[in-house]
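For reference, the structure is listed below as structure tokens.
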Amino acid sequence: MGLALCHQHRWDLSPKEAANLQAQLRPLVLVEDALPAEIRAVAGVDVGFEDQGRTTRAAVAVLEFPSLRLTDQAIVRQPTRFPYVPGLLSFRELPALLEALERLNRLPELILVDGHGYAHPRRFGIACHLGVLTGIPTIGVGKTRLVGTHGDLGEERGRWIPLIDREETIGAVVRTRRGVQPVYVSVGHRLSLPTAVDWVLSCAPRYRLPETTRQAHRLASG
DNA sequence: GCGACAG
DNA sequence: ATCTTGTCGC
């Protein structure tokens, strides 16, 4: 609560004001590699809902890298105060997620977010928003597409092709596992797209979704 | 006006 | 996201 992590700006905004704030914060996103030399704590964050959506449950799972062993976790419940609006997901999920991060014993050096980063209509998805507010490198890992188009992706694990929107590469469609739907990876903050893809593949050695995301999802829902 | 639309 | 049973395939 006391950490400068939480009240970076107001959260009680109208959808219109929220979109304006995204445009204002977008220039703060860094899409070049600026990560710590050694990364030993990678976190996954996810949100689930209870009481027909009235309660938001945010979870953070910290895994040691490269063992991918769970070393720390936090779960926070808050009344839901913003509706789901495509393009404004961060205003619905970040308040609870930030409080969960503050409850960790130690902050992670990298965070994989359940949702897009730069692959967003205004190039400021939830992964970018979380990165800018915390200063921690972040990666957006989406299960489905929000914007952008792409060609055919090879079947072999590790293959990836660019996700394009308005003539610009905004992310990558990545095959983390053969025979299943690919995931959509995009830069959140403080790293490049190739680096983001590498990290996602390193964190998803066996299943479609990264272990970080799987653990966070288990805490937020399952 | 019509279709698309992260979680 | 959430509400929910069975079913197909490795």
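Numbered from 1 within each chain, the chains take letters A, B, ... in sequence-line order.
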Min side-chain heavy-atom separation [X]-[Y] under 4.5 Å:
| X | Y | answer |
| --- | --- | --- |
| A:Ile136 | A:Leu110 | no |
| A:Ile111 | A:Leu130 | yes |
| A:Arg81 | A:Pro95 | yes |
| A:Val60 | A:Leu104 | yes |

How would you label the contact of [X] with the nucleic acid (heavy atoms, under 4.0 Å): base, sugar-phosphate, or nothing?
| X | result |
| --- | --- |
| A:Gly140 | nothing |
| A:Leu97 | nothing |
| A:Tyr84 | base |
| A:Gly125 | base |

Tell me the closest heavy-atom pair linking [X] and [Y], and the distance in Å.
| X | Y | result |
| --- | --- | --- |
| A:Ala61 | A:Gln215 | CB-CB, 3.6 Å |
| A:Leu13 | A:Phe82 | O-CE1, 3.2 Å |
| A:Leu98 | A:Leu133 | CD1-CD1, 4.0 Å |

For residues 56-81 of chain A, the ring pair (Phe, Tyr, Trp, His ring centres under 6.0 Å) pairs (sequence neighbours left out) are A:Phe65-A:Trp199

Does A:Thr71 use its side chain to pair, donor to acceptor, with the backbone of A:Val62 at less than 3.5 Å?
-> yes

Under the 3.5 angstrom rule, does the side chain of A:Thr56 hit a backbone N or O of A:Phe49 as a donor-acceptor pair?
-> no

Those residues that, when tested against A:Phe124, pass ring-ring contact (aromatic ring centres under 6.0 Å, His included) (two or more places apart) | A:His129

Of the residues in residues 174-188 of chain A, which ones touch DNA chain B at a heavy-atom distance under 4.0 Å?
-> none

Strand-adjacent residues in residues 194-206 of chain A, judged by heavy atoms under 4.0 Å from DNA chain B | none

Can you give the first and last nucleotides of DNA chain B, 5' to 3', that have an atom under 4.0 Å from a heavy atom of chain A?
-> B:dA4 to B:dG7

Could you walk me through whether A:His189 and A:Leu28 pass the side chain to side chain contact (heavy atoms under 4.5 Å, CB included) test, one step at a time?
-> CA-CA 9 Å; A:His189 188 48; A:Leu28 301 179; 5.8 Å; no

Covered region of DNA chain C, 5' end to 3' end, by chain A [heavy atoms, under 4.0 Å] | C:dA1 to C:dT2

Across all chains, not counting sequence neighbours, the side chain to side chain contact (heavy atoms under 4.5 Å, CB included) partners of A:Val173 are A:His150, A:Leu153, A:Ile161, A:Leu163, A:Pro182, A:Tyr184

Flag if over 12 foreign heavy atoms under 6.0 Å of CD, A:Gln181 = no

Could you tell me whether A:Glu211 and A:Arg206 make a salt bridge, using a distance below 4.0 angstrom between a side-chain N and a carboxylate O?
-> no

In residues 35-48 of chain A, what donor-acceptor pairs under 3.5 Å come from side-chain atoms, sequence neighbours left out?
residue	atom	partner	partner atom	Å
A:Arg40	NH2	A:Glu64	OE2	3.2

Contacts satisfying side-chain hydrogen bond (donor to acceptor under 3.5 Å, both in side chains) that involve residues 19-32 of chain A (not counting sequence neighbours) are A:Gln22-A:Arg122

Pair assignment for DNA chain B - dot-bracket with | for other-strand partners, Watson-Crick or G-U under 3.5 Å = .......

Dot-bracket assigned to DNA chain C with the 3.5 Å Watson-Crick/G-U criterion, [ ] for crossing and | for other-strand pairs, is ..........

Residues pairing under salt bridge (Lys or Arg N to Asp or Glu O under 4.0 Å) where one sits in residues 149-164 of chain A, two or more places apart or in two chains, turn out to be A:Glu155-A:Arg175

